[in-house]
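Worth saying up front: this structure is predicted, and the values here are computed from it rather than measured. Chain identifiers are assigned alphabetically (A, B, ...) following the order of the sequence lines, protein sequences preceding nucleic acid strands; residue numbering begins at 1 within each chain.
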Amino acid sequence: MDITTSEVPPQYDEFRKSLQAFIGAHCPPLEWKARTGIRVPEEEHDVALLRQWARAIHDAGYVFDRFADTPGDPYEQRVLEEELGATGIPYVVGNALVAGAIKMFGTPEQRSAHIGPMSRGEQIWTQLFSEPNAGSDLASLQTKGRLDGDEYIINGQKVWSTWAQWADHGYLLARTEPSPGPGGITALILDMKSPGIEIRPLREMTGTTDFNEVFFDDVRVPVANVIGAPGEGWKVASASLATERGGVGRNLSWETVVRLADLARTTSRRGTSLGDDGSVRQQIAAFAARSRIQDHLGKRVETRAENQAVTAWDAPLMKIWFSELNLEMLEYGLDLQGPRSIVAEGDEAAYDDGFLQDAFLYARAWTIAGGSNEVMRNLISERGLGLPREPRGDA
Amino acid sequence: MDITTSEVPPQYDEFRKSLQAFIGAHCPPLEWKARTGIRVPEEEHDVALLRQWARAIHDAGYVFDRFADTPGDPYEQRVLEEELGATGIPYVVGNALVAGAIKMFGTPEQRSAHIGPMSRGEQIWTQLFSEPNAGSDLASLQTKGRLDGDEYIINGQKVWSTWAQWADHGYLLARTEPSPGPGGITALILDMKSPGIEIRPLREMTGTTDFNEVFFDDVRVPVANVIGAPGEGWKVASASLATERGGVGRNLSWETVVRLADLARTTSRRGTSLGDDGSVRQQIAAFAARSRIQDHLGKRVETRAENQAVTAWDAPLMKIWFSELNLEMLEYGLDLQGPRSIVAEGDEAAYDDGFLQDAFLYARAWTIAGGSNEVMRNLISERGLGLPREPRGDA
Amino acid sequence: MNFDFDDDQQLLRESVRRFLDERYPLSVTREALEADVVLDRELWRRGAELGWTAMLIPEQHEGGSITSQPLVDLVVLAEELGRTLNPGPLVSTNVVADAIARFGLDEQRSTWLPRIARGEVIATWSLSAEGTPDLEAPGVDAVVSEGGVTLNGTARYVHEAVGAELVLATVRLDGKAACVLVPLPHDGVRVRRHTGLDLTRRFGEITFTGATVPADSVLGGAEVLERAISVATVIKSAEATGAAEILFERTVDYLRDRVQFGRTIGSYQAIKHRLADLLIEVEAMRTATYYAALAVDEGFEDAAEAVATAGSYVPEAFAHLTGESLQLHGGIGFTWEHDVHLFVRRSKSDEPLFGEPSWHRENLFEMLDAATLGESA
Amino acid sequence: MNFDFDDDQQLLRESVRRFLDERYPLSVTREALEADVVLDRELWRRGAELGWTAMLIPEQHEGGSITSQPLVDLVVLAEELGRTLNPGPLVSTNVVADAIARFGLDEQRSTWLPRIARGEVIATWSLSAEGTPDLEAPGVDAVVSEGGVTLNGTARYVHEAVGAELVLATVRLDGKAACVLVPLPHDGVRVRRHTGLDLTRRFGEITFTGATVPADSVLGGAEVLERAISVATVIKSAEATGAAEILFERTVDYLRDRVQFGRTIGSYQAIKHRLADLLIEVEAMRTATYYAALAVDEGFEDAAEAVATAGSYVPEAFAHLTGESLQLHGGIGFTWEHDVHLFVRRSKSDEPLFGEPSWHRENLFEMLDAATLGESA
């Protein structure tokens, strides 16, 4: 059994220092405020600043693995992600998931047309996977691509797309016809300026606009925009998701544990610190245990992926575990504040400028988006345990 | 709004005292041990003692409302039930639910044949309602009674019958044919010595034998044994259940709250009483609140019954509320004991002679028997909320 | 036994529901919040005509309850206002009216009560700087001064503080709790509006800087505070019950109608069982609330226990129910346009006010501990 | 990264599973419990030949692990023994072997370790009179005497105390924890069998009345106890994981086969979702256990945290799972004849041993508090 991740050696201290200096000099002054989750700028001005920021990073010679032809020095990559991550603002503009897909399955033309521009902030991408009735359950995708000469004609609807309102290109999964293979799903590069695309930014319950609905009405996509081969969409999507796997929410849940511990320490009731209250200690420790288990579950899943032994429950399990732990912690984060929890971002009395209040509201994005946890539990029981599928009403 | 139950006035003190003296003189020395729930003697000897005890109560002039032609003085009834209840041993032998049914719907012959003998401990009854696939959901009953001349021929199976192994008579619900009305269920008096009855006492996970399975193979029951009219079984059963409503588990859950408070007070960890531990205080108080709400829910249900406004969820709600609260409290009762929870009845180190351990095991009788809580939730959602019924596989 | 409302109370319910449906439905509150105006004072006055602020005020001061159980009457009102997430300070105004009626001087009663009953005066009620009924918490300190009583300190999370004409301030005086009437605006009193989680209600922070009121403005001490918490808990619980009830109904309706994978969502058993649990929860909220109202009105021995029971159970059940409703609505429930987040926000914002659930549970444990020590001895 | 077992460990698993299936399945344990004989010593010796007690014993003393991670090896064994609810004192015997191997004198090592490795000696491990690792609890007190060290007091809830040839007693010596080896039977030591909740295991109470052992029987203090708790927690967690795994499999199989209302129960969505939750729970139990084993074996910085995580999460998940399994089995699960109650009893009985979940959580909070004070400062 082997799980070791080694520490960054001291000889990288200099790299870190020069990077910090670079960040100090170039980190953009955004209107956009760092909040939990994937949060998208509301102002064009901020988007422009972020593009400049990505360009500056690129021009300074910092290259991310996802955009590089050959993997970079792993410690440099870690320092890079750590330091840029610590700024709290995006350092890749848009959703760069497609980069892995293009690197692995794309044509030389696709690589040169997209990888460089993405790394320089010239292209913003959005991911077009989730659908209203399917979530991330690819088998249920209903967006169709009908082959017409050397073009697919796309019809359907996607939801939960971040960055779509600012995107130049979309990483689209559609069920192509005639169906060329099992599943019959194809991955496509979509020009977001194509006629027939309607983007509806959603104002969410958080009050911010982070997701979009995207509608396709006879949108034409050249066959040359297929990533990999027609019908290989599932493989392409799985592979690119695998390159990003485990990342979502991993540190997020531990960060919340730390926030709760801080909050408890600095809050008093009946003259006693909540950090000395047995019920608070027990509850926060229970969260801490679950957060640590989340890390370890992630490593089990990674191991299975490396051994080509992915199970039907790996992804749903991670999603349920993180999203429900996250939600419970944030509910508790409000409870611990007591009446102070009723004020939010912008109020001088708010704890941590209302971060926990916003995160509490946003927490439902994780339990609902990308396939609700109810759909996830169906997947686990039906595909994982082989229990009978729910009868469809239209059968 | 009116919910008052008045205190027993002081002029009943004398009645109480003489009753206490009677109990002191006659309370039988049973092998049988008082435990939680409906627990049935394992020894014939104990059954005989209980019959004598019932006879002594009767002969001393103490009459229970359920056996009386006219209601007794309500305060005397309360004192009677309180003082006899405090002995912890049954004062009515067997399941006397049928008494209400016979009083309300029985013929004069039925009344004289059964009411007196029941009150004198001469007749032990069992209730034959629950079935393996139906629980107490009368609409799903599958035990059949086919009319053949002036007899019904009964075939089918019942479960969860307490006292059946000692019973002289059974209070049976069967689906009679030809079906004489909506539901087509008929209430019958069954002589338990009839040919074709097989009683299988079940040894439960508690190690005790409190329930039975009862099988009917062409058992003949005279039409004269119908209680009320054929096809009125649902009405008869509902009415008799209503006379006993709310009783089950009401005080049981508060008693457990008190036990938990005692246990916490007398148990220490890391040198501190658990009664001073914030997490224990919060948890026990949460149980206490739910236990009090159980009382009040019972009064709401009683009010609806009195107003002829019973809903489809009244009974399932009470069952779910009590049985899950009870189970959670008993799980917690073990947790609070720490390692001491691993010893049970008969061990000198056991807390309260292992009462909580036995009650923890028995707790599942409440969540499973009489229609599992899963079936109860179906009833609430389908009959109460009008949501679509689960498709049957054989449809 | 009739553990349900009387006919007169049913009539009250119908008239209030009709008024709210016509004049003050949630859609009106929604428009107001988008326009940054929350409480419509004219509508509040109309509500006052229907008795919203009158139940705990004696008839001689233009008040009057429907039955001999004024808190039970208030439960009816509060449930209905809760169903529409009404922004009005029903809790605090009634708490203050009750405090003046029970503990005030004749002059205070005749000055304030008729105007509160008529809805002309919004009265609010402040606790500590942390919004808790906690004497140990920082908050407002009072000293007896030449001119009367002088207040210094801050009280936060005060409902409708910005618009209020009167505040009943909970202060520390000689190390003990005291409740002091302060008319607003007032010298040395500054009110700041909070940015809140609950979008349908407006809260504020009140800062006292040497604000001096006559000595007889002190209505009393712990007994006033305790009574206020009982009244507040009952009304808050009833508002929560009404809100839970309507959201539950809307959720069931939505799931009965909405089709996914060719079936209505409400036909999926996992969903059905969760709805069954929510039905139980709503019924339990109701029951705990009604019993607390009755117990306080009738002075039952277990009144304090009933308040702690409702105060701990109801807000958490409400928050659980709104969360479940949001989850069961799925994506649509996550949008700004859908109402469900307004209920989520209301439930979490209400939860800690006037005594957090954990505070009520601690009280409950103390009562239980005292009582069962006797029982088991 | 390979967060899974190596091939050698997989082979070990197969051989143990084969042995248990053939010789020591749950049905054999069931017969034994009905006959009031619990541990079959002959079978225990056969198990020892397969390495059940050898992993933490050096090769020179007839022990030896499969890989360089002996606790991870033990996890494999413990999972398999857990699957059959094996009555053997796997935890205590390995804890004592480990303590002697690490902290014992050469003579103690050569006296005891080979016999433990061969399964000839059952070694057990006692804590306080309350079964807790709590120095504040009443328990066994030791004083240095002329003849060595003299023990007085009682230790309870000690696994297989009745049959054991050796006990490692946790005592209080000069106000501190000490761990003392006492061979059994011994003058001044009385062992009484408990009547237990767990029917597949036998526990006992050990009373020391002036029992005197040589001074060098004291293996050490807090460091021995701390290591023992780490080892015990890992093995106990692995036994729980194995038991949870097989019960989950049996539950799924039952629900897939059993028909109610014309459908298999496993086709009802409410049931399916609960099974999905149990799958997650089993996977989390496994993961927490494996990580704790690895962290202790490799001396990771977060080893103590990993032990507290497994020690708090795993037993509660196990108890939850057995309860759910019972409920999902319905009436049949409530019978004596069905095995599910044996799992229920095991899970509740295991839960508080060698440090209750709440004790581990308290430890975890203290570590978290210390660590995050730094992080947030």
Do [X] and [Y] have side chains that get closer than 4.5 Å, going by heavy atoms?
X      : Y      : result
D:F203 : B:V343 : no
B:D335 : D:K348 : yes
B:T206 : D:W336 : no
D:R345 : B:L361 : yes

Verify side-chain hydrogen bond (donor to acceptor under 3.5 Å, both in side chains) between D:T195 and B:E345, making sure each step is shown before the conclusion.
-> CA-CA 7 Å; D:T195 303; B:E345 188 183 322; over 6 Å; no

Identify which part of [X] has an atom lying under 4.5 Å from any heavy atom of chain D, answering side chain, backbone, both or neither.
X      : value
B:L327 : neither
B:V159 : neither
B:A350 : neither
B:N378 : neither

Any idea how D:F334 and B:F211 line up, ring-wise: parallel (<30°), tilted (30 to 60°), or perpendicular (>60°)?
->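 Because their plane-to-plane angle is over 60°, the rings of D:F334 and B:F211 count as perpendicular.
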
Please confirm whether the backbone N or O of D:W359 pairs with a side-chain atom of B:R269, one donor and one acceptor, at under 3.5 Å?
->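 No; judged by distance alone, with no hydrogens or angles, the pair does not exist.
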
Has the side chain of D:D134 got a donor or acceptor atom that lies under 3.5 Å from a matching backbone atom of B:R270?
->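 Yes; at least one donor-acceptor contact below 3.5 Å.
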
Would you say the side-chain atoms of B:E374 and D:Q327 include a donor-acceptor pair closer than 3.5 Å?
->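 Result is yes, a qualifying pair exists.
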
From CA spacing to verdict: salt bridge (Lys or Arg N to Asp or Glu O under 4.0 Å), B:D347, D:R192 = CA-CA 10 Å; B:D347 195 285; D:R192 180 179 76 78; 3.0 Å; yes

Shortest non-hydrogen contact from [X] toward [Y]:
X      : Y      : result
B:R203 : D:E337 : O-OE1, 3.8 Å
D:G131 : B:P339 : O-CG, 3.4 Å
D:L197 : B:S341 : CD2-O, 3.9 Å

If you count heavy-atom pairs under 4.5 Å between each of B:A349, B:G354, B:S279, B:G346 and chain D, which one has the most?
->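 Highest number of pairs under 4.5 Å: B:A349.
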
Do D:E351 and B:L334 pass the side-chain contact (heavy atoms from CB on, under 4.5 Å) test, and can you show the C-alpha distance, the side-chain angles, and the key distance before you say yes or no?
-> CA-CA 10 Å; D:E351 190 173 341; B:L334 264 56; over 6 Å; no

